[in-house]
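Shown next, in structure tokens, is the structure this report addresses.
Each ligand, and each atom within it, is numbered from 1 in the order the structure gives.
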Amino acid sequence: MSTSTVKICVVGPQEGGKTLLCKLLAEQLPADRGYHPTKGLRIQEVERTGPGGIAVNVQLRDCSGDFEAYSQCFPAMALDMDGLIVVYDPDEEGKEPELERWHEAFSTVGDARLDPSQCLVLGIHRGRGGEGAPPKFPISGKLTKLPNAVVEVSGDDVVGSARRVGVEVDRCVQHAVTRKREAEENRLLG
Ligand SMILES: Nc1nc2c(ncn2[C@@H]2O[C@H](COP(=O)(O)OP(=O)(O)OP(=O)(O)O)[C@@H](O)[C@H]2O)c(=O)[nH]1
Ligand SMILES: [Mg+2]
């Protein structure tokens with residue numbers, strides 16, 4: 001498989017916005033904006049821009065937020081993973097322990113050893129506090145050592161929301177491509 005294909009797991013608590021993020025990137029938002037929990041895993045392919053402007057085929061693995069139900073499947077879900085996005089709702093208080101649990105579980109699952117640069121902790125702020133209101137609970141604790149951001153998402157501005165989400169996701173994609181290429185170089189050199 002070419003190094004310009006990367007696999008990124010999208011994980012985090014239920015109703016955090018994982019499927020919303022993936023659909024925004026694929027410009028596939030349904031008319032019905034309700035919450036439909038993901039069962040197991042959904043794969044969404046999107047094309048993004050990598051280092052040096054190359055086209056990168058990104059396989060997003062949109063995982064269920066039901067940790068207990070699927071933890072046995074995490075090694076399979078994370079197979080050949082090149083990057084990890086932990087998604088959360090920044091209007092929810094006290095989510096850090098749960099986010100750390102997701103990061104811990106996926107960054108070390110199977111033979112995955114993700115470098116912090118290959119991870120992203122992403123708050124999907126759906127602006128329930130009113131248009132433009134800042135998120136109520138910014139991230140705190142050791143997760144702040146990882147690349148992290150909060151993006152504003154609004155159903156009235158899908159194009160702008162997709163662009164804002166894309167800027168953050170592309171950072172993760174670029175690191176994922178670079179690390180995958182380095183791993184391939186090392187493998188070829190034995
Ligand atoms: N503002 C806005 N909210 C949306 C839209 N589509 C879905 N939502 C809401 O976003 C929230 C998050 O939904 P999902 O992205 O499906 O959550 P998830 O993290 O995938 O949840 P699980 O699959 O159960 O782990 C739900 O409350 C949806 O109702 C949209 O287009 N705009
Ligand atoms: Mg989902």
Q. Can you tell me if T19 has an N, O or S atom under 2.8 Å away from the Mg ion (ligand 2)?
A. yes
Q: Pick, from L24, I124, T19, V11, the option with the minimum heavy-atom distance to atom 20 (O) of ligand 1.
A: T19
Q: Over all heavy atoms of both residues, which pair between R42 and C22 is shortest? Give the atoms and the distance, please.
A: NH1-CB, 4.0 Å
Q) Got an N, O or S from T38 under 2.8 Å of the Mg ion (ligand 2)? A) yes
Q: Check whether L99 and F137 end up in the same hydrophobic cluster, where Ile, Leu, Val, Met, Phe, Trp and Tyr are linked by side-chain heavy atoms less than 4.5 Å apart.
A: no
Q. Do the side chain of D157 and the main chain of G160 share a donor and acceptor less than 3.5 angstrom apart?
A. yes
Q. Who's closest to atom 2 (C) of ligand 1 heavy-atom-wise, of L20, V158, V10?
A. L20
Q: Answer yes or no: does an N/O atom from G12 fall short of 3.5 Å to an N/O atom of ligand 1?
A: no
Q: May I ask you to identify, for R126, whether its side chain, its backbone, both or neither come under 4.0 Å of ligand 1 on a heavy-atom basis?
A: side chain
Q: Check step by step if salt bridge (Lys or Arg N to Asp or Glu O under 4.0 Å) holds for K95 and D89.
A: CA-CA 9 Å; K95 68 265 161 189; D89 176 353; over 6 Å; no
Q: Please lay out, stage by stage, how S117 and D115 fare under the test side-chain hydrogen bond (donor to acceptor under 3.5 Å, both in side chains).
A: CA-CA 5 Å; S117 70; D115 184 88; 2.7 Å; yes
Q | R163 bridged to E152 by N-O distance under 4.0 Å | A | no
Q) Between S64 and ligand 1, which residue portion shows a heavy-atom distance shorter than 4.0 Å: side chain, backbone, both, or neither? A) backbone
**Q.** Ligand-residue contact atoms, ligand 1 with P37, heavy atoms, under 4.0 Å
**A.** 23 (O), 24 (O)
Q) Between V153 and ligand 1, is there a nitrogen or oxygen pair with a distance under 3.5 Å? A) no
Q: For ligand 1, find out whether one of its N or O atoms is nearer than 3.5 Å to an N or O atom of Q14.
A: no
**Q.** Backbone or side-chain N or O of G17 under 3.5 Å from ligand 1 N or O
**A.** yes
Q: Using the side chain to side chain contact (heavy atoms under 4.5 Å, CB included) rule, pick out the option among V86, V10, V150, L21 that qualifies with L122.
A: L21
Q. By number and element, which atoms of ligand 1 are closer than 4.0 Å to a non-hydrogen atom of T38?
A. 22 (P), 23 (O), 24 (O)
Q) Side chain of K23, backbone of L20: donor and acceptor closer than 3.5 Å? A) no
Q.
Using a 3.5 Å cut-off on N or O atoms only, is D66 in polar contact with ligand 1?
A. no
**Q.** Heavy-atom donor-acceptor pair, K18 side chain to T38 backbone, under 3.5 Å
**A.** no
